[in-house]
Structure formats: C-alpha cells, structure tokens
Amino acid sequence: MKFLLTGEGDPVIETGPNAGQRRVHKGQINLLDQIVLDLTAKLTTQENATQLRERQTRIQVTIDAQSRSLRVIADRHVAAVAARMQTAQELAALESRLAEVSDLHSRFRLLEQQYRSDLDRLTMVSEVGSILGYFKVGTCVFCGAEPQHQHPDHGEQETTQLHAAVQAEVTKTSSLLADLLPTIADLRSQMEDLQARRGELLPRVVELNAEIAEAEQHLEPLRTHMEELLTARSAVERELELHSRIEELESRRSRLHGEGAVAQTRPTEHIPTRVLAEFDRVLRQTLDAWKVPAVEFAEYDQYAPEVRAGSRPRAGRGKGVRSVLHSAFTTSLARFSIDNDLPHPGFVVLDSPVVTYREPVGEDVDITSNVVDHFYRDMLSFPGQAVIIENGDPPTDVLSFASAYRFTGPGGDRPGFFPAAAPADR
C-alpha cells in the first residue's frame with residue numbers, strides 16, 4: 001500500500017525491540033502524529049511540496065522579469081533626478097551670476113552717464129571761456145593793458161591755468177570713459193550669454209520633471225506588483241518550510257516505526273499523513289459521487305490495514321456496504337495512482353460490485369438503485385480501464401458510452417466463466 005501511494009517500498013526489518021521499547025516508540029509516534037496534524041492544520045493550500053516548488057519557480061521567474069523592468073525604469077528615474085539636480089545647480093549658479101553681472105552693468109551704465117555729463121559740463125565751460133576771451137593770451141580784456149605792461153599776478157596767468165585745468169579734466173574723464181566702455185560691452189556680452197544659457201536650461205528642467213513624473217508613474221504599479229510577488233513567495237516559502245518539517249517528522253516517525261514500534265509481524269513503514277489525507281479525500285469523493293448513504297468520513301486505516309467509514313471498519317458493515325467500500329477503495333487507489341503518476345497497472349477489475357444492493361434485507365443502511373446508476377455513470381470518467389463483471393444491466397445512458405458484453409452461459413456464443421459441459425466419454 002505504501003508503494004502504491006508513495007512510490008517507495010517498505011524497509012527490511014531484521015530485529016525489533018521488546019514490548020517496553022515498542023510502547024515507548026508508540027508514545028513517541030503518537031506525539032509526532034499530533035505535531036504533524038498541528039502543522040498540517042497550518043497549511044493554507046492543498047498543494048503538495050512539488051506543486052509548491054513549481055509555483056515558487058514560476059513566482060521567482062516573474063520576480064526576476066519584474067526586477068529587470070523595475071531596474072530599467074529605476075535607473076532611468078535616478079538618471080533623470082541626477083540630471084535635474086545638476087541642471088538645477090547650474091541654473092542656480094547662472095541666476096546668481098546673471099544677477100551679479102546685471103547689477104554691475106547697471107552701476108557701470110550710471111557711471112558712464114556720469115562721465116558723459118562731466119564731459120558735457122567741461123565742454124560748456126571751455127566754450128563759455130572762449131566766447132568771453134578768458135583763455136586768450138594778450139591784451140587784458142579787463143583793463144586793456146598790453147602783456148608787457150601786465151604784472152605777474154595779472155589775469156593772464158589765471159586764465160591760462162583755468163584753461164589748462166579744464167583740458168586736463170577733459171583728458172582724464174575721457175580716458176576713464178574709454179576704459180569703462182569695453183567693460184560695459186563685456187558685461188553686456190556676458191548677460192546675453194547667461195540669458196541664452198538660462199533659456200536652454202529652463203526647458204530642460206521642464207523636460208526632466210516630465211520624465212521623472214512618467215518614471216514614477218510606471219514605478220508605482222511595478223513596486224506594488226513586486227510587493228505582491230514577494231508576499232506570495234514568502235507564503236510559498238512558509239508552506240514549503242511546513243512541508244519540510246512535516247516530512248522531517250514523518251521521517252523520524254518512519255525510523256521509529258522501522259525500529260520496531262509494532263511487532264515484527266507487520267514490518268510496514270509508515271505512510272505519511274499528508275499522503276493518506278489526499279487518498280482519503282479521493283475515497284470520499286468517489287463514495288460521494290456514487291451517492292452511497294451513511295458512509296461519511298471514509299478513510300484508510302494503515303494500522304489495521306482496513307477501510308473505515310463513519311468510525312466503523314469495513315468488516316463491521318453489511319454485505320452490500322462491504323462490497324461497495326471494497327470497490328470504492330480499489331477505484332480510488334487506481335485514480336490516486338494514475339493522477340499522481342505513481343506505479344499502477346492502469347486498470348481495475350470489479351466482480352459484482354453492486355449486485356448485493358438488490359437485496360437490502362439485513363443491511364445497516366437503506367440501499368436504492370440510485371447508487372447503482374451513479375456508480376456506473378461515475379465509472380465512465382475513470383482515467384484508466386475498468387472491467388466490471390455484474391449480474392444486472394447498466395443504465396441505458398451508460399450503455400451508449402461503454403462496451404458491454406453479455407455472457408450467455410453454457411451452450412451460448414459467450415459462455416464466460418461457466419464451465420463447459422463434460423464430454424460424453426467421461
């Protein structure tokens with residue numbers, strides 16, 4: 001039975017402990033069974049370890065693909081943020097320099113206006129002196145004295161000095177203005193360059209902001225999906241850890257059992273509780289599909305070994321229930337083995353599985369022909385080949401899908417298992 005349910009054979013037991021040691025081992029096995037049941041109750045899915053590992057692999061593949069997409073967009077987002085930061089820093093420095101150059105340009109323009117105003121005033125003074133003759137050397141315009149008759153402190157000296165002072169001031173102011181004009185032109189050129197660069201940076205900042213917003217818009221659902229995938233992977237890992245602990249405990253239980261927890265007359269290794277639970281589920285589904293009454297909670301007792309239904313062993317049931325339980329056990333075992341790719345011949349042979357239902361006298365449940373009909377209809381979906389030998393005919397709707405052969409008995413075309421008539425000379 002262990003080989004059919006798990007694909008693994010039974011160990012060879014050479015020696016066994018005494019009765020006291022077996023009692024200790026049984027106590028340990030019972031404790032391990034309870035722990036296994038507690039851990040099994042914590043499982044949230046019906047998937048076995050192989051199915052969980054396959055789902056874990058699929059989730060990991062999705063996570064890897066999602067990580068690559070997330071990494072590409074995240075790198076693009078980081079690059080855009082870095083570029084925007086660099087552009088913002090350059091723009092801030094440019095704005096500071098532009099403000100400084102603009103201020104200097106304004107100040108120097110005021111200074112240029114001041115120099116030009118000074119030159120205009122000096123020109124006016126020079127022109128007025130020429131008109132009035134203050135700056136001419138010769139006869140004094142005030143007293144008419146000739147130069148040879150004028151004393152040293154006369155107006156000639158004063159007027160000459162005034163003219164020289166005006167000319168000197170004009171020369172100095174013109175020189176300062178000449179030095180100032182290239183500086184103003186250079187500042188104006190710097191302002192134009194800075195304003196042009198600012199005109200380039202402002203659209204670039206807007207472009208980078210749009211790129212960052214688009215990247216963040218794509219990152220949000222990817223991050224949410226990634227969190228869901230990581231949560232699912234963690235859940236699968238927890239399930240696998242529970243399965244690993246269950247398998248470890250069942251392995252320890254198997255070793256205890258192999259060391260002789262029971263008498264040597266039964267050297268069978270323990271069948272994992274998880275595997276038995278899956279087989280019991282298939283058995284109950286089969287009985288439920290056949291509409292068999294009053295046999296709920298059907299299960300296989302590996303210690304008997306026997307099928308139990310409703311807390312009663314199969315041997316304690318009536319003839320009809322024993323027959324249907326036997327047929328259900330054989331069919332369910334084949335279904336379980338075929339569905340899980342375990343060793344099995346691929347066919348079942350059922351001899352008179354429901355004939356006793358025609359005579360319900362003395363049974364412990366009420367039997368009807370409804371069970372017979374559902375039995376045949378369910379066997380149409382059997383994954384292998386089912387050979388059913390029965391006295392009665394299947395329902396009409398089943399005959400159109402099944403191959404039916406009628407045994408005629410001795411003297412007919414198909415005598416079946418009936419013995420042929422003995423020869424006359426015997």
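Owing to the predicted nature of the structure, the values given are computational and were not obtained by experimental measurement.
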Next on the checklist: Applying ring-ring contact (aromatic ring centres under 6.0 Å, His included) as the test, list every pair that has at least one member in residues 315-335; sequence neighbours left out.
Outcome noted: Phe279-Phe329, Tyr300-Phe329

Next on the checklist: I'd like to know whether Lys291 forms a salt bridge (Lys or Arg N to Asp or Glu O under 4.0 Å) with Asp373, so could you lay out the CA-CA distance, the side-chain angles of the two residues, the decisive distance to 0.1 Å, and finally the verdict.
Outcome noted: CA-CA 9 Å; Lys291 306 299 181 184; Asp373 295 342; over 6 Å; no

Item to check | More than 12 heavy atoms of other groups within 6.0 Å of Glu237 CD | outcome: yes

Next on the checklist: Is there a salt bridge (Lys or Arg N to Asp or Glu O under 4.0 Å) between Glu241 and Arg245? Walk through the geometry before answering.
Outcome noted: CA-CA 6 Å; Glu241 183 180 359; Arg245 293 177 61 187; 5.3 Å; no

Next on the checklist: Is it the case that the side chain of Asp186 and the backbone of Pro182 share a donor-acceptor pair, with hydrogens and angles ignored and the cut-off at 3.5 Å?
Outcome noted: no

Checklist entry - Between the side chain of Ser106 and the main-chain N/O of Ser102, is any donor-acceptor distance below 3.5 Å? => result yes

Checklist entry - For His105, does the NE2 atom sit with more than 12 other heavy atoms under 6.0 Å from it, leaving out its own atoms? => result yes

Checklist entry - Short question: side chain of Ser175, backbone of Thr171 - any donor-acceptor pair under 3.5 Å? => result no

Next on the checklist: For the CD atom on Gln86, are there more than 12 heavy atoms of other groups (residues, nucleotides or ligands in this structure) within a distance under 6.0 Å?
Outcome noted: no

Next on the checklist: So for atom CZ, which belongs to Arg97, do other residues, nucleotides or ligands contribute more than 12 heavy atoms lying within a distance under 6.0 Å?
Outcome noted: yes

Next on the checklist: Could you tell me if the side chain of His77 sits less than 4.5 Å from the side chain of Ile212, heavy atoms only?
Outcome noted: yes

Next on the checklist: Between Gln60 and Arg233, do the side chains contain a donor N or O and an acceptor N or O under 3.5 Å apart?
Outcome noted: yes

Next on the checklist: Quick test of your reading of the model: are Asp378 and Arg335 salt-bridged, counting only N-O distances below 4.0 Å?
Outcome noted: yes

Checklist entry - Is Arg109 salt-bridged to Glu112, going by a charged N under 4.0 Å from an acidic O? => result yes

Checklist entry - Would you find a donor on one side and an acceptor on the other, under 3.5 Å apart, between the side chain of Thr286 and the backbone of Ser332? => result no

Checklist entry - Leu177 versus Arg116: any side-chain heavy-atom pair under 4.5 Å? => result yes

Item to check | Nearest heavy atoms of Leu52 and Val236, plus distance in Å | outcome: O-CG1, 3.5 Å

Checklist entry - Of all residues at least two apart in sequence or in a different chain, which pass the ring pair (Phe, Tyr, Trp, His ring centres under 6.0 Å) check with Phe375? => result Trp290

Item to check | Side-chain heavy atoms of Val387 within contact of Leu350, under 4.5 Å | outcome: no

Checklist entry - When you look at CD of Gln113, are more than 12 heavy atoms from neighbouring residues, nucleotides or ligands closer to it than 6.0 Å? => result yes

Next on the checklist: Between Leu39 and Val36, is the side-chain contact (heavy atoms from CB on, under 4.5 Å) condition met? List the steps.
Outcome noted: CA-CA 5 Å; Leu39 293 177; Val36 167; 5.7 Å; no

Item to check | Nearest non-hydrogen partners of Leu98 and Met191, listed with the distance | outcome: CD1-O, 4.0 Å

Checklist entry - Do Leu119 and Val170 have side-chain heavy atoms sitting under 4.5 Å apart? => result yes

Item to check | Step-by-step salt bridge (Lys or Arg N to Asp or Glu O under 4.0 Å) determination, Asp103 to Arg107 | outcome: CA-CA 6 Å; Asp103 183 63; Arg107 290 176 182 271; 3.0 Å; yes

Checklist entry - Any chance the side chains of Ser117 and Arg121 put a donor and an acceptor closer than 3.5 Å? => result yes

Next on the checklist: For a 4.5 angstrom cut-off between non-hydrogen side-chain atoms, does Leu180 reach Leu176?
Outcome noted: no

Next on the checklist: Assess, by modelled atom type and distance only, whether the side chains of Asn48 and Arg274 contain a donor and an acceptor separated by less than 3.5 Å.
Outcome noted: no

Next on the checklist: For Ala328, is there any backbone N or O sitting under 3.5 Å from a side-chain donor or acceptor partner on Thr331?
Outcome noted: no

Next on the checklist: Looking at Asp351, is its backbone amide N or carbonyl O close enough to the side chain of Glu390 to form a donor-acceptor pair, meaning the two atoms are under 3.5 Å apart?
Outcome noted: no

